[in-house]
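Not measured: the values here are computed from a predicted model.
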Amino acid sequence: MNAIGESVLARCKAQGAEDAELYISRGTEFTVRVYKGEIESLVSAESRGIGLRTFREHRVGFSYTSDFEPATLDSLVDEALLNGRYNHADDANVLPEPRPFEALTGLASPALAGLDPQRKIDFALEMERRATSLDARVRRVSDAMYSDGSGQVEIYNSRGLEASFDRTVAYGVLETIAEQDSEMQSGFAFTHGRDMDELDLAGVVKEAVENAAGLLGARPVPTASVPVVLHPHAAAMILGVLGSSFSADAVIKRRSLLAGKVGEPVAAEIVTITDDPRLPEGLASRPFDGEGVPAERNELIGAGVLKGYLHNTYTARRTNSRSTGSAVRSYKSVPEVGVSNLVLKPGALSREALLARVSNGLHVSQLSGLNTVNPVSGEFSLGLTGHWIENGHLTRPVKELTVAGNVIALLKKVVAVADDLRFMFAGGFCGSPTVLIEELPVGGL
Amino acid sequence: MPLLEQSLVDSVIKRALRSGADFVELFVERKRNQSISVEESKVQRVNSGNDLGAGLRIIHQGTVSYVYTEDLSEDGLLKTADLAAQIGRRGGGRFAFAELSGAPRPPQRIDVPPDAVGAEAKIELLLEADQAARAVSGAVKQVAVGYGQSAQEVLVATSEGIHHVDSRTRVRLMVHAVAERNGEIQTAMEAPGMQRGFEFFDDTSAAEYARAAAERAVALLDAAPSPAGQMAVIIGNEFGGVLFHEACGHGLEADFVVKGSTVFTGKIGQAVASPIVTAIDDGTLPSRWGTLTVDDEGVPTRRNVLIQDGVLVSYMYDRLRAGQQNHPVTGNGRRQSYQHLPIPRMTNTFIAAGAHTVEDIIAATPRGLYAKKLGAGQVDVTTGDFVFAVTEGYLIDGGRIGRPVRGATIVGNGPRALHKIDMVANDLKLAPGTCGKEGQGVPVSVGQPTIRISELTVGGTGVVPAGAMRQ
C-alpha cells in the first residue's frame, strides 16, 4: 500500500470508522486539435484525485478531493465521517471481502507513454488533409482531433484489499462538412484503440466523408409504418439507453423498465445481451470493479429472456444476491451500478444479406434525442437521419423524421441480427451489429 | 485566503513566458461541493468534495497550448510552466487576441453562505419536500429529492498584467417523482436553482416544487399517446427556452462561426428570425444560474443582444475568436474547470417578452400541440436540426387546451423554426440548466416567454388527428 493509503486508512480508524475504502485515480491526457493544416490547440496534463468512503454503524460517509496536501487529507477523513452521521443506517452498507482477481493483460499499451507527440499531431493533420481530398463536396473539416490518455486506479480498504490496474486509450475524432448548392451537412466519425497504432485512419476519414456527403439532399418522407434497419451505431445507442435498466439499483428504486421481469421474455429469441468487463477488445474492460470486486461476464438477456440484473455490493446485499462486479465510479462519486462493455450478440447474417430482406423500408444511420427516452416506461420518440431502402439497397437520404415506440416492444420486434459488430461509447462501451426491426411507425410529413 | 499568492502567480507566468510565448494565462480554481439526496424517504447520501487545480494557457503566434495540474505547490506550478513552455509550439498564424475592456462588477451577493448551514437544515427541507410529493396521491410510488450546493472561486491572471477573481455560489433543489397505476409508469421532475446562498429557500418552497412534480407525474398517467405529424406548436415559457438555446444559441457561438460550421455564418445584419423575435445573452443578470462578474478569461460579462427584431446582431465570443474576427469581447469565454480550455459559451440566454398573453395564443390556435414543458434534447449545430422531448403536453383543439398527451417529441430545424415564430407572449421566465459542449458542462440559464411556431414536426405513437396533417 502506498503512504497516502496507509495514513488515510489509519486516520479513519483512529477517528472511529469501523471500515474505510480509498479510491485513488491518476491519469494523463494528451489532446491535439488541428484546423486548416495548423495546430489549433494542444492539451497535456497529469491529474489525480481521491475518494474516501467510511463505514460506521452501517452508515456510509463519502468525501473526495483533488488536493493531496496532508492537511486536506486529514479533513477528507473528518468530512467523510461527518457526512456519514446524517445518512440512514442500512445493514446492506458493507465493504466487500477481498477476493483474488485474475489480471487482465493488454489493457494498457506500454508504448503510448513514449510516443513522440509529433506523431500524434501528424495523425490529426493527416485525418484533416485526407478528409478534404476524398470528395469534391467535402472541402472543410470542423473538428479533427487526436486524443490519448492513461489511467491508473488503486483501491485500498480496511479489509485488506490492495488492488490496482492501468489502462490506456487513444482515439481520433473527425467531423466534416459537405456542401452542395446552399445546403450543408455534417458527418461525424471516430476511431479508437488502446494505442495510436490501433487507430484506423483511412476508415475514420472514409466514414466521416461518406456520412456528410451521403446526407446531401436529404428530405422528409410521409408518415408510415415500415421495416427499420438500425446501423450498428444507432443500435448501440439504444443498447446504451437500455443499459441503465439492468442496474439492480434502478430496479430497487422503480426506475427500470425491466423490474420484476427476470425469467420472462423481454426480447425476441435472437436477442442475447451480455455485459462483459473482461472483453479483450473492450475499452471499458477492467479486472475488478469500483469496489475491488473481481469483474465477470454477465449474460443479461439470453435468447430473449431476462436472466438477471447487475449488482454492486450494496444492491446485492439488499436483495440477497451476489455482487456481479458492476460497481462503476470516479473518485468524485460513490460506487453506483453500471455496465462495462455491453454487447448485443452478433448473428451469422452479413449486413448485405440483412438489407436484402427489406424491399421498402428505412435505414437509420443516426438517432438523435436518446437522452429523451423515458428510462422508466421505455417510451421513446427520436429524431433520425438515414436512407430509404428499396429492394435491399440504400437509396435517397431522409431527415427530420421521428421514430416512436417502446424499448421493450422494439426488442421484441427484432427479426434479424447481422455479423458486423461495432462499438461506441454510449453510457458504457456498447457494441451492436446491424439490426432489423420488423416494423416501426415513422413520422414525417 | 487568496487562491494563490501574487508573487507565485507572477513567477509562474514569467517562467512560462521564457519560451518566447506571446501570451500566458494562469487560471486557478477552488470549488467546494456538497450534495444531499433523500430516496425512499431516507437520507441516502450526504457527500462533499473539494476541487483544486490550475491551468496554464500559452499562445505562440495563434497556436494554443494548455497544461493543467492539481499540484499548486511552488515546485508543482513551476514544473507545469516548464511543461507548458516545452509543448508550446510556434504556429504559422498571426497572434490575435481581443483586448479586455470594461470593469468587473462586484461579486454576487450571498447572504447566507451555504457552507455555514448545517446538513440538518438541508435534510429537513428535503424530507418536507418528500412528504409533500407523496401526499399528492397514492399513485405517487417513488420520490427522489436532492439538494446541491457549490462555491467556486476563480483567479485569472495574464502576462498582460490582468488579475481578476470571481466567486460563484450556487444552490439547487431537485425533485423527481414517479407515479404508477395499473402498470403504467410516468415521471416528472422540477429543479429550481439560483446563484444565491441558503437564503434562496426563504422565498422558494421546496414542498411546492415537490407537489408540482408529483401532480404532473400523476396527471401524465391519464395522458394519451401523442399524435405524430406536422402542426402548430405552442412552446411554454421558462425551460422551453432550451429549444432556442440548443437549436440557435450554439450556432451563434463564435468558434463555430469562425470555422463556418453554422448556418448563421456571415449573416450579421440579415433577417434570421421573424420580426417579433429578439434574443439576448446576458451574463450580468443578478443571481441567475449562468451569471458571472467576469468570465473564465477575466472578461467582464455584459448584456449582448443576439437578434434584434429578427435581425442578427452579434455572435458570442471568447478572447481568441474575438481576436480572430477583430470583434470586441462579449464575456462568453467559459470553461467547466481548470482541466479545460475556455471556449465561447452562453450565459443566460433568452427570447425577449412579446405583446400577447398565453390565453391569446391558445385561443388563436385551432389545432396543435401545447408543449408546456420541454425535457432533454439534441441538436446538430451545422444544420440546426433538433429534437426535443415534450414532458408536459396538451392537444389544442378549437382554441382550447384539450387532453394531455405523453411521449411527444418535436423535431425540426432551428433557423427555419425562428422564421415561423408567429406569436410571442409576455410571460418571460428563466430556468437553470447545465449546457454541454466538447465534453465541458457549464451552468447556464435558458428562457423565453410562451411562443407559437406555426408549423413543426411532432413525433409520437398515437394516431394523427384529422386535419392536423399538412402536405
Side-chain angles (χ1 to χ4, degrees), chain A residues 35 38-49 60-68 72 79 83-84 86-88 117 140 142 177 184-186 220 223 253-255 332-334 368-372 374 376-377 379-383 385 399-406 441 443-445, chain B residues 39 42-53 63-70 83 87 89 91-93 119 123 141-142 144 178 180 185-187 228-230 259-261 263 339 341 375-378 380 382-383 385 387-389 406-409 411-413 457 459-461 464 471:
Chain A
Y35 184 59
E38 305 265 358
I39 298 169
E40 185 180 45
S41 66
L42 276 174
V43 177
S44 174
E46 289 183 18
S47 64
R48 63 185 188 188
V60 182
F62 176 78
S63 187
Y64 74 85
T65 184
S66 64
D67 181 1
F68 283 29
T72 311
E79 229 173 78
N83 288 342
Y86 300 108
N87 289 330
H88 86 283
R140 292 195 293 142
S142 50
I177 298 174
M184 276 205 297
Q185 294 289 348
S186 67
T223 298
K253 291 173 180 158
R254 296 179 193 245
R255 283 190 211 135
K332 292 190 185 187
S333 73
V334 296
S368 55
L370 264 300
N371 53 354
T372 69
N374 186 326
V376 183
S377 66
E379 283 173 6
F380 65 82
S381 172
L382 303 168
T385 49
K399 67 165 190 177
E400 274 182 55
L401 296 183
T402 62
V403 60
N406 184 288
L445 287 174
Chain B
E39 294 189 37
K42 292 176 198 148
V43 180
Q44 295 286 342
R45 264 168 213 168
V46 179
N47 289 352
S48 60
N50 283 291
D51 295 306
L52 179 68
T63 297
V64 178
S65 306
Y66 193 69
V67 181
Y68 60 83
T69 182
E70 283 87 20
L83 178 60
I87 71 158
R89 277 155 206 267
I123 289 167
K141 297 297 185 199
Q142 190 57 260
V178 179
E180 196 175 343
I185 299 174
Q186 289 295 335
T187 65
Q230 291 210 333
K259 290 186 174 181
S261 59
V263 283
Q339 297 191 339
L341 275 167
Q378 200 178 338
D380 177 335
T382 302
T383 58
D385 290 342
V387 54
F388 279 89
R406 59 181 162 83
T409 52
V411 179
N413 177 273
T457 302
T461 49
V464 180
Q471 283 298 327

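The residue among B/Arg45, B/Lys141, B/Gln142 with the most heavy atom pairs within less than 4.5 Å of chain A is B/Arg45. Taking chain A as the reference chain and counting heavy-atom pairs below 4.5 Å, the highest number among B/Val67, B/Val411, B/Asn47 is found for B/Asn47. Between chain B and the options A/Phe68, A/Tyr64, A/Tyr35, A/Tyr86, heavy-atom pairs under 4.5 Å are most frequent for A/Tyr64. Ranked by non-hydrogen atom pairs under 4.5 Å with chain A, the options B/Ala144, B/Gly412, B/Ala408 are led by B/Gly412. Of all the listed residues (B/Gln44, B/Glu70, B/Gln186), the one sharing the greatest number of non-hydrogen pairs under 4.5 Å with chain A is B/Glu70. Across A/Thr385, A/Asn87, A/Val60, the residue that shares the most heavy-atom pairs under 4.5 angstrom with chain B is A/Asn87.
In this structure, chain A has heavy atoms under 4.5 Å from both the backbone and the side chain of B/Ile185. Contact annotation for A/Lys332: only side-chain heavy atoms (C-beta onward) come within less than 4.5 Å of a heavy atom of chain B. Both the backbone and the side chain of A/Glu40 come within less than 4.5 Å of a heavy atom in chain B. In this structure, the portion of B/Asp380 lying under 4.5 Å from any heavy atom of chain A is its side chain and not its backbone. Proximity to chain A involves both the backbone and the side chain of B/Leu52, based on heavy atoms less than 4.5 angstrom apart. Proximity to chain A (any heavy atom under 4.5 Å) is restricted, for B/Asp385, to the side chain, taken from C-beta onward. Heavy atoms closer than 4.5 Å to chain A are found in the side chain of B/Glu39, but not in its backbone.
Panel note: side chain A/His88, backbone B/Val43; a donor-acceptor pair is recorded below 3.5 Å. Proximity of a side-chain donor or acceptor of A/Arg140 to a complementary backbone N or O of B/Lys259 within less than 3.5 Å is detected. Here the side chain of B/Asn50 pairs no donor or acceptor atom with the backbone of A/Asp67 at under 3.5 angstrom. Under the 3.5 Å distance criterion, the side-chain polar atoms of A/Ser63 are matched with a main-chain donor or acceptor of B/Ser48.
Remark: A/Arg48 pairs with no residue by the salt bridge (Lys or Arg N to Asp or Glu O under 4.0 Å) rule, at least two apart or across chains.
Listed here is the closest heavy atom pair of B/Val178 and A/Arg254: CG1-O, 4.3 Å. Considering every non-hydrogen atom in both B/Gly459 and A/Thr402, the closest pair reads CA-OG1, 3.3 Å. The heavy-atom pair separating B/Thr382 from A/Ser186 by the smallest distance is OG1-CB, 3.4 Å.
Taking OG1 from B/Thr457 and CG from A/Leu401, the interatomic distance works out to 8.5 Å, rounded to the nearest 0.5 Å. Separating the OG1 atom in B/Thr383 from the CD atom in A/Gln185 is a distance of 6.0 Å, to the nearest 0.5 Å. Rounding to the nearest 0.5 Å places OH of B/Tyr68 at 4.5 Å from OG of A/Ser47.
Taking the side chain as every heavy atom from C-beta outward, B/Val64 and A/Leu42 never approach each other to under 4.5 Å.
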Evaluation steps, side chain to side chain contact (heavy atoms under 4.5 Å, CB included), between A/Met184 and B/Val263 = CA-CA 8 Å; A/Met184 276 205 297; B/Val263 283; 4.2 Å; yes
